[in-house]
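Below is one structure, written out as structure tokens, with a few remarks after it.
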Amino acid sequence: MNYNELAELLFPNTDMTPEYCETLYPERSLPAGARVTRLGPSPTGFVHLGNLYVAFTNERLARQSDGVFFLRIEDTDSKREVPGAAEELISALDYYGIRFDEGVTLSGESGGYGPYRQSRRGDIYQCLVKRLVSEGKAYPCFLAAEELDDIRASQEAAKLTPGVYGEWAAHRTLPLEDVRRRLGAGESYVIRLRARGDSETYFTIPDGIRGELSMPENTMDVVLLKKDGLPTYHFAHVADDHLMRTTHVIRGEEWIASLPIHIALFDALNWKPPVYCHTAVLMKQEGETKRKLSKRKDPEFSLAYYRAEGYHPSAVREYLMTIINSNFEEWRAENPNASPDAFTFTTGKMSRSGILFDNDKLNDVSKEVLLGIPAAELAAFLTEWAEQNGRPETLLLKSDMRYLERILDIGRHGANPRKDLSHGSQILSFIGYFYDEPVTPEDDLPENVPREDVPVLLGGYLKSYEHGDDQAAWFDRIRTLSEENGYAAKPKDFKKNPELYKGHVGDVSTVIRIALTGRRNSPDLWEIQQILGEDRTRARIAAHIS
Ligand code: GLU
């Protein structure tokens, strides 16, 4: 067979050559050790936590090494493509501080290694495949869908690996005349790799996360160009990662199984493969078992969820670092105030098995992170989030920013700061009582306080209330009020002689607390009153007397 003739027959208009591509996209001149990484999302319109996880690892690897991080849109499957999905992804990642050095942007493309949308790289793929055909490493295959179905059925019946390989690769040896005739008759075809591997022979390949992998050689005549002339993922990413000079490919573990195909393609093109790093899947605990996070079942899998719930981007980023690198938390304990970007991330410390995503842990990390954000900044974040998400509280929050700042700042200073605030929707419900008039009680009064004592205690409190009291003077008044009404001024007195009292000062405080906040638990009551102001404080107490 004259493969050159076959190549000309299939690609009569392709003049570009692989050599020209090499000069068009030369090796990058970067400092030694610089990593070139990329994100290669398919624009399907669903941006999930896994995208952010992989984006962070790629971004860290490039940034830490003074390398390059670019965005390539893998849009060769027009059936799955959702208009505007690339833009949505860019904005979603931007929210978390993920910026690309090159690639598709909101306003066109930037960088010298484009086009960065695979759908616009047709001539590059064609010229590379033409070369493979001319070297006898690829061939046209006209097998129709029904024929492929039959092949699969017979393989399944014989319990064999499904696919076009070995004796089933019937069109490997089609004579040139046959190809010419079929082309003339307008038959559709794909271009397949002519696999040269042996499934009994294993090769080893280093994986940046998993160490050395041992895998069988590829025997599948996989599709390189589909019927529509567009490349498959296998071929496109190999071509692109070589010509875009990617040094590290970080992608999900679902691609490990097809790694032999990718290595065979690099071999066929005489190129050196990048370092592949296969990440583990994101899991969640459900009862005793762990399972993969699912688009259908888990709202928290979608990135939109975190924005809608009002998580601060730096909290999500900090949490992701804890699950990306096993030694991050240790580092954080030693460097409590450092930017997470100062941490040296390594692929070798990434999880190889399922990565457990834990919402409670996210909330804990978030509380810690929010503590480091000044109240004024937090107030601005909260109101902006409330506004963008159409929260009905927005106007009220914005009407007095100073009031909001003081609320958010309660108990955050000193040796043992409170860690109450985790994210927008939680904060709004946590601070709700500052805005509710009247306050709706959420909790019950202490059981040992007779109902008829409530107006008496609150009436006495109101009478003795001095808004200018400092905290100690204020509490002394509550002690006196307690004693006057049969409650111990100190809990320990009550413990010693419970038969002498109805309860103690803590019960009296709870009655006041419920009148002021509707809750049994709240930050410091004196501080709350100072923020509410005298009028509001008195009005709330008075409302519970009548
Ligand atoms: N387009 C592929 C995907 O969305 C990208 C895999 C890769 O990063 O190579 O899964």
Side-chain angles (χ1 to χ4, degrees), residues 33-35 37-39 47-67 69 92-100 206-211 247-253 275-285 290 292-293 298 300-301 303 305-307 309 311-373 417 419 421-423:
R35 314 286 203 224
T37 62
R38 85 314 191 257
L39 202 64
V47 188
H48 54 76
L49 207 57
N51 295 126
L52 188 62
Y53 179 91
V54 170
F56 266 137
T57 46
N58 274 302
E59 187 246 18
R60 286 292 81 217
L61 216 53
R63 292 280 169 275
Q64 274 176 199
S65 62
D66 290 327
F69 174 43
L93 295 177
D94 184 76
Y95 186 69
Y96 295 98
I98 304 276
R99 313 272 141 76
F100 298 94
D207 180 294
I209 296 173
R210 291 155 195 266
T247 63
H248 288 66
V249 168
I250 300 168
R251 61 182 183 185
E253 70 176 13
V275 178
Y276 281 99
C277 308
H278 291 98
T279 63
V281 284
L282 290 173
M283 318 270 282
K284 87 182 252 181
Q285 190 81 35
K290 290 180 194 160
K292 249 172 102 166
L293 272 175
D298 306 311
E300 73 269 31
F301 191 39
L303 216 49
Y305 169 85
Y306 301 93
R307 207 160 164 177
E309 284 292 307
Y311 282 93
H312 195 281
S314 48
V316 176
R317 193 174 174 118
E318 177 88 6
Y319 174 66
L320 277 182
M321 285 312 294
T322 68
I323 56 172
I324 284 176
N325 252 189
S326 52
N327 53 335
F328 178 78
E329 284 183 86
E330 208 177 299
W331 174 87
R332 177 48 91 205
E334 285 160 17
N335 302 277
N337 301 316
S339 151
D341 293 350
F343 170 75
T344 309
F345 153 81
T346 44
T347 52
K349 291 233 161 54
M350 288 174 76
S351 169
R352 298 170 187 200
S353 53
I355 305 154
L356 197 59
F357 176 80
D358 178 353
N359 231 99
D360 295 338
K361 180 76 190 284
L362 165 66
N363 287 336
D364 287 347
V365 168
S366 193
K367 286 175 181 171
E368 202 73 53
V369 169
L370 293 200
L371 199 54
I373 299 178
K419 294 170 191 166
L421 313 176
S422 66
H423 58 281

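Relative orientation of the F357 and Y319 rings is perpendicular, given thresholds of 30° and 60° on the angle between their planes.
With hydrogens and angles disregarded, no donor-acceptor distance shorter than 3.5 Å links the side chain of S366 to the backbone of A315. At least one donor-acceptor pair under 3.5 Å links the side chain of D207 to the backbone N or O of H278. Side-chain atoms of R332 come within 3.5 Å of backbone atoms of N335 as a donor-acceptor pair (strictly under, hydrogens ignored).
Between L49 and Y305, every side-chain heavy-atom pair lies at or beyond the 4.5 Å cut-off. A heavy-atom distance below 4.5 Å is found between the side chains of L370 and I373. For the pair D358/I323, no side-chain contact is recorded, criterion being any heavy-atom separation below 4.5 Å from C-beta on. Between V54 and R251 there is no side-chain heavy-atom pair separated by less than 4.5 Å. Residues E253 and T279 form no side-chain contact, since every pair of their non-hydrogen atoms from C-beta on lies 4.5 Å or further apart. Residues Y311 and N363 are in side-chain contact: their nearest non-hydrogen atoms beyond the backbone lie under 4.5 Å apart. With contacts defined as side-chain heavy-atom distances shorter than 4.5 Å, the pair E368/E318 does not qualify.
In this structure, OG on S422 lies 13.0 Å from NE2 on H312, to the nearest 0.5 angstrom. Atom CD1 of I324 and atom OH of Y53 lie 5.5 Å apart (nearest 0.5 Å). Rounding to the nearest 0.5 Å gives a distance of 9.0 Å between NZ of K292 and CE of M283. In this structure, CZ in R38 is found 15.5 Å from CD in E59, a value given to the nearest 0.5 Å. Of the inter-residue distances, the one linking T57 atom OG1 with H248 atom NE2 reads 11.5 Å to the nearest 0.5 angstrom. From R307, atom CZ reaches atom OH of Y96 across 7.5 Å, with rounding to the nearest 0.5 Å.
Outside the 6.0 Å centre-distance limit, the rings of F345 and F328 are not counted as a close aromatic pair.
The minimum heavy-atom distance between L303 and A92, with the atom names listed, is CD2-CB, 4.3 Å. Minimum interatomic distance between A338 and W331 (heavy atoms only, all atoms of both residues): CB-CH2, 3.7 Å. Annotation for R99 and D94: closest pair NE-OD1, 2.5 Å, computed over non-hydrogen atoms. What you find for G33 and S65 is that their closest heavy atoms are O-CB, 3.5 Å. Between T247 and R35, the shortest heavy-atom contact is OG1-CA, 3.3 Å. Here the closest non-hydrogen pair linking A55 and L93 is CB-CD2, 4.1 Å.
In this structure K284 satisfies the side chain to side chain contact (heavy atoms under 4.5 Å, CB included) test together with R291, L293, D298, E300, sequence neighbours excluded. Residues meeting the side chain to side chain contact (heavy atoms under 4.5 Å, CB included) test with P206, sequence neighbours left out: none.
Legend: side-chain hydrogen bond (donor to acceptor under 3.5 Å, both in side chains) pairs involving residues 341-354, not counting sequence neighbours, sorted by first then second residue: R317-D341.
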Please step through side-chain contact (heavy atoms from CB on, under 4.5 Å) for the pair I98 and L52, ending with a clear verdict. CA-CA 9 Å; I98 304 276; L52 188 62; 4.2 Å; yes

side-chain contact (heavy atoms from CB on, under 4.5 Å) between F69 and L39, worked out: CA-CA 8 Å; F69 174 43; L39 202 64; 4.3 Å; yes

